[in-house]
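Contents: one structure, followed by commentary.
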Amino acid sequence: MQLTRSTGAKSGWTNDRSDRCAQGGFSAHALLPFDARWTRGLRTHPTGSRTVRDEERQQQLQELLAKQAAGELKPKDRFAIAPQAMPEQDPSVRRCNVSEVALGYTKMQARLEAMRCLQCKTAPCVQGCPVQIRIRDFVTAIAQGNYPEALDIIKENSLLPAVCGRVCPQEVQCQAKCTVGLKFKDVEKAVSIGRLERFVADLDHGEGAVPSVAPATGKKVAIIGSGPGGIVAAADTRRAGHDVTVFEAFHKPGGVMVYGIPEFRLPKAIVEEEIETLRKMGVEIVTNFIVGRTRTVDQLMTEDGFDAVYIGVGAGLPSFMGIEGESLVGVYSANEYLTRANLMKAYEFGKGADTPIAASKRVAVVGGGNVAMDAARTAVRLGAEKVYLIYRRTEKEMPARVEEVHHAQQEGIEFHLLQSPKRVIGDENEHVKAVECLRYELGEPDDSGRRRPVAIEGSEFEIELDTVIIAIGNQANPLMRQTTPGLEFNKWGNIVVDENCKTSMEGVYAGGDIVLGAATVILAMGQGRIAAAGINTYLAGK
């Protein structure tokens, strides 16, 4: 539910809505279960002559399969297949709901996209996959229409295909190595591996088998954090027969997948399903439990009887710019803003949710990564009339996924490039009223390999605002460091581990953002798997 600022109420909040969306803003469509939303999205997507297109796709697919069966299918035939565009909600419609933007491939689209794969003997795409999925084999299975086999192949190495297919940056991982993309010198023309992964995962929605569990070992494993790395570590150690307990600081498990990534990119029902699979395996999940406050790592091991611990607490401490005015009312970290909107469902404030969020009219989001795009696109859906994205480099240097940048631009977010805030300006009540920015130009490359932004002296200007969201990155929360003597950290506050994700403490392993810094879902999963293997080996020797 959208909030409006009340001029009369002392609290400053009201349940009234000044609706900017043509048909009543947030629709019930946004609140449907995942299955219903996905199905309805396909039905309501503007199709034009979709039936004709599907008939054409069917004919093309049959011709390709016939050639393949006859041994006559050549690389040139595969190159001639057009990349299959992802169906998605119209930008003017999706601005007014939190339903998923991308609607997913049809079976015909998926098989044609899979037919674009050259089935390279060396499978270079696998080199770009952090968890080494047999990509060529699962894509081949999709081309043949054998979807269960495709999913089985993926799940050999990835427990979260529906998640990774949506949010992992395939364009800089597996798809960057794709021979098709390299042939066209354009990664956007590579085989859409992530979309195909999502496709088979969605077909299996709600029907996946529960992984088998080995006989009980009598050993206990504590998993700290229920994000992607924690989920994988919990599943793999439970499979080995250990008693596994997951401790989560929030009231709801899922980590960054539920508090950080918006519903319109990753439906929470998908994450809930994976958590439910853990429960069915016998994993205990304890929420509202802050390790370092409720109990320390040492207490878990010496007093509570845990034989091994995996630390996957992420990097949840937001970074700020250190400029004047960051303490004004109306300045948010992206973490707080997105947590209120995603985990606490602040868009339903007064209608089932107790957490409010700023009813902003003019919003500036500072940053150029995926989190910045998420915050800006969330502000649009919460009713902001104008949303600016301020970034001190150019669009080329933005670390955000190209797809997310494209979607943000489609939704009307105004990019202010080569600019950066110098100070936030407040009114007499210490509320944000403007931001003063400096213009920049690009100089020589810095340590990251990107050209360094250089301020243009005397280029200051102001933008009138009521909300500023800082999305320039996160750091490791110091709590674990403060409460865990004997655990080695580097100068950035990240836990130091060896190649098996083992820390300096006996029986304690770690992975994900607390080790790598800000990373991706699949990198965290990869470390969770390595750590779980290390834990299983360690416990087998006890």
Side-chain angles (χ1 to χ4, degrees), residues 64-65 68 73 75 78 81 83-84 104-105 107 109-183 187 189-205 207-212 228-229 231-233 235-236 239-240 270 274 277 511 519-533 536:
L64 291 165
L65 291 172
Q68 187 175 47
L73 189 65
R78 298 184 186 274
I81 304 170
Q84 300 299 296
Y105 278 157
K107 290 183 179 180
Q109 284 180 302
R111 294 189 70 181
L112 278 174
E113 185 65 29
M115 289 296 292
R116 299 181 64 236
C117 174
L118 297 174
Q119 301 177 3
C120 308
K121 290 184 179 180
T122 57
C125 50
V126 177
Q127 300 169 19
C129 176
V131 295
Q132 301 290 288
I133 293 170
R134 290 193 288 128
I135 295 169
R136 176 192 60 196
D137 297 339
F138 97 72
V139 172
T140 298
I142 292 174
Q144 295 169 346
N146 193 340
Y147 310 126
E149 180 183 345
L151 188 60
D152 286 345
I153 292 169
I154 295 170
K155 286 193 170 182
E156 292 172 356
N157 299 75
S158 174
L159 294 181
L160 303 171
V163 173
C164 293
R166 285 168 164 83
V167 303
C168 283
Q170 293 93 4
E171 65 274 6
V172 295
Q173 295 178 341
C174 53
Q175 290 173 201
K177 303 284 187 180
C178 174
T179 306
V180 178
L182 294 174
K183 191 267 183 189
V187 72
K189 293 183 179 179
V191 176
S192 295
I193 297 166
R195 293 173 179 176
L196 292 173
E197 180 180 17
R198 168 196 164 144
F199 166 76
V200 289
D202 285 354
L203 286 182
D204 186 62
H205 180 72
E207 300 176 4
V210 177
S212 59
I231 288 174
V232 171
D236 284 5
R239 278 173 170 171
I270 292 173
E274 300 304 335
T277 297
T520 63
V521 167
I522 199 164
L523 283 172
M525 287 171 54
Q527 288 212 309
R529 171 144 287 172
I530 292 169
N536 291 337

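Note: hydrogens, waters and symmetry copies are ignored here, and every other heavy atom, side chains too, is used.
Looking at Ser158 and Met525, their side chains come closer than 4.5 Å, going by heavy atoms from C-beta outward. Looking at Thr179 and Pro124, their side chains come closer than 4.5 Å, going by heavy atoms from C-beta outward. The side-chain heavy atoms of Arg136 and Cys120, taken from C-beta on, include no pair separated by under 4.5 Å. Between Thr520 and Gln173 there is a side-chain heavy-atom pair separated by less than 4.5 Å. Side-chain contact between Glu149 and Asp137 is absent, with no heavy-atom pair separated by less than 4.5 Å.
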List the steps, then state whether side-chain contact (heavy atoms from CB on, under 4.5 Å) holds for Tyr147 with Leu151. CA-CA 6 Å; Tyr147 310 126; Leu151 188 60; over 6 Å; no

Step-by-step side-chain contact (heavy atoms from CB on, under 4.5 Å) determination, Ser192 to Gln84: CA-CA 8 Å; Ser192 295; Gln84 300 299 296; over 6 Å; no

Where do Arg529 and Asn157 land on the side-chain contact (heavy atoms from CB on, under 4.5 Å) test, with the steps shown first? CA-CA 9 Å; Arg529 171 144 287 172; Asn157 299 75; 4.2 Å; yes

Stepwise, does the side-chain contact (heavy atoms from CB on, under 4.5 Å) test hold for Asp236 with Leu159? CA-CA 10 Å; Asp236 284 5; Leu159 294 181; 4.2 Å; yes

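Here Cys129 contributes atom SG and Lys177 contributes atom NZ; the two are 12.5 Å apart, rounded to the nearest 0.5 Å. One finds the CD atom of Gln170 at 10.0 Å from the CG atom of Leu196 (value rounded to the nearest 0.5 Å). Note that the CZ atom of Arg78 and the CG atom of Leu112 stand 11.5 Å from one another [nearest 0.5 Å]. We find the OH-CZ distance between Tyr105 and Arg111 to be 15.0 Å, quoted to the nearest 0.5 Å. Note that the CG atom of Leu65 and the CE atom of Met115 stand 5.0 Å from one another [nearest 0.5 Å]. To the nearest 0.5 Å, atoms CD1 (Ile154) and CG (Leu160) are separated by 12.0 Å.
A pairwise comparison of heavy atoms in Ala114 and Val139 identifies CB-O, 3.4 Å as the closest pair. For the residue pair Gln175 and Ala190, the shortest heavy atom distance occurs at O-CB, 3.5 Å. Nearest approach of Pro161 to Lys155, heavy atoms of both residues: CG-CE, 4.2 Å. Contact between Ile142 and Ala110 at its shortest, heavy atoms only, is CG2-O, 3.7 Å. Between Ala176 and Leu182 the shortest heavy-atom distance is O-CD2, 3.9 Å.
Exactly one residue among Ile522, Val126, Ile193, Ile133 makes a side chain to side chain contact (heavy atoms under 4.5 Å, CB included) with Cys174. That residue is Ile193. With Asp202 as the partner, the salt bridge (Lys or Arg N to Asp or Glu O under 4.0 Å) test is satisfied by one option alone out of Arg195, Lys107, Arg166: Arg166.
Under a 3.5 Å cut-off, the side chain of Arg116 and the backbone N or O of Ile81 do form a donor-acceptor pair.
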